[in-house]
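So the structure is just underneath, and the comments pick up after that.
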Amino acid sequence: MNSTISPMQKSDQTARIRTSQVIKATAIIASLSLGFWNRPEAAIAQTNQSLAPITSFCSSDLASRIDRIIQQPRFRTARWGIVIKPIEKSTILYQRNPNLSLIPASNVKLLTTAAALQIADRNPLANFQNWLTVVNRYSDNDRADALRRRIGGQTAIRSALAGLGIDASSYAQVDGSGLSRSNRVTPSALVTLLEAMFTAPQNELFYRSLAVAGVNGTLRNRFRNTLVQGNLHGKTGTLRGVRALSGYLENPSYGTIAFSIVVNQPGQSGTALASAIDQIVLQTAQVDRCS
């Protein structure tokens, strides 16, 4: 079974996602072969956690559910930036501080790789597919910084991102990896990038370079035994007091959803921040049009 769901395959999405949950509750995730390494990913064993029942709810309830998560007392001093938007719809399902400039940690790598894809489309780079996978899926900081230099530095990145509709005032990038706390980006800019890359000629390369929830890369140990497993392609971000997750989530009712969740809270447990982000994603996975 191939856990990767191409963004171009939308037919019968509901049936496939719900069927996969039954299989995942009792089996091992099959190896994921993406071709970049000419070998499949190692199979990942399931935990003993029971699969939670799939209960959908109307989109009108999503805001209150997410607000309950981020308004917990322990997040009183947190700065949240969230945008959740279906690719095929102009409606935004949820947003909070969409234009707040935040430290994005390794979500900066999305800027680096998206720009690199635009530049490589004009000037092919050797072993480029492998570079993308190492940077996005496995979040290799050295490779990300080297890729930034390799494609011409920040001037080249700024020009390439402008071509994707990314306003230069919506981000401040000082490295390729996101290690610097001087990096800033808005969740709105990240979602704009995700939307642009979804329809760009380099769509498949970008999409398949991302980590898959519960399967590989930096997301291999998250969302296991949930309906999100295998149905989210994303980029994590981790620094002290910073957590981020942006990417594509497959939803039975809305199709592919582009989302960005970034939180900055110095002194807060990274586990608590990541857990809250995961709860938001799980809620989004269950939302239904109800119309």
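Positions are given from 1, in the same order as the sequence printed here.
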**Request:** Calculate, to the nearest 0.5 Å, the distance between atoms CG and CG belonging to Leu164 and Leu193 respectively.
**Result:** 6.0 Å
**Note, Val281 side chain near Arg222 side chain (heavy atom, < 4.5 Å)** = no
Checking [Y] against [X]: is there a side-chain donor and acceptor pair closer than 3.5 Å?
| X | Y | answer |
| --- | --- | --- |
| Ser56 | Asp288 | no |
| Glu88 | Thr256 | no |
| Asn99 | Thr186 | no |
| Asn107 | Ser246 | yes |
| Tyr94 | Asp67 | yes |
| Ser139 | Ser106 | yes |

[X] side chain to [Y] backbone, donor-acceptor under 3.5 Å:
| X | Y | answer |
| --- | --- | --- |
| Asn251 | Ala285 | yes |
| Arg243 | Ala274 | no |
| Asn264 | Arg79 | no |
| Asp175 | Ser180 | yes |
| Gln118 | Ala115 | no |
| Gln229 | Asn225 | yes |
| Ser159 | Ala156 | no |
| Gln268 | Arg74 | yes |
| Asp140 | Val134 | no |
| Asp145 | Ser177 | yes |

**Asked** For Tyr171, is the NZ or CZ atom of Arg158 found under 6.0 angstrom from the centre of its six-membered ring and inside 45 degrees of the ring axis?
**Response** yes
**Prompt:** Given Gln279, which of Ile66, Ile70, Ile69 fulfils the side chain to side chain contact (heavy atoms under 4.5 Å, CB included) condition?
**Reply:** Ile69
**Prompt:** By side chain to side chain donor-acceptor pair (under 3.5 Å), which residues pair with Tyr254, not counting sequence neighbours?
**Reply:** Ser59
**Counterpart residues, side chain to side chain donor-acceptor pair (under 3.5 Å), relative to Thr284 (two or more places apart)** = none
**Item:** Whether Tyr248 and Phe206 hold their rings parallel, tilted or perpendicular, with breakpoints at 30° and 60°
**Value:** perpendicular
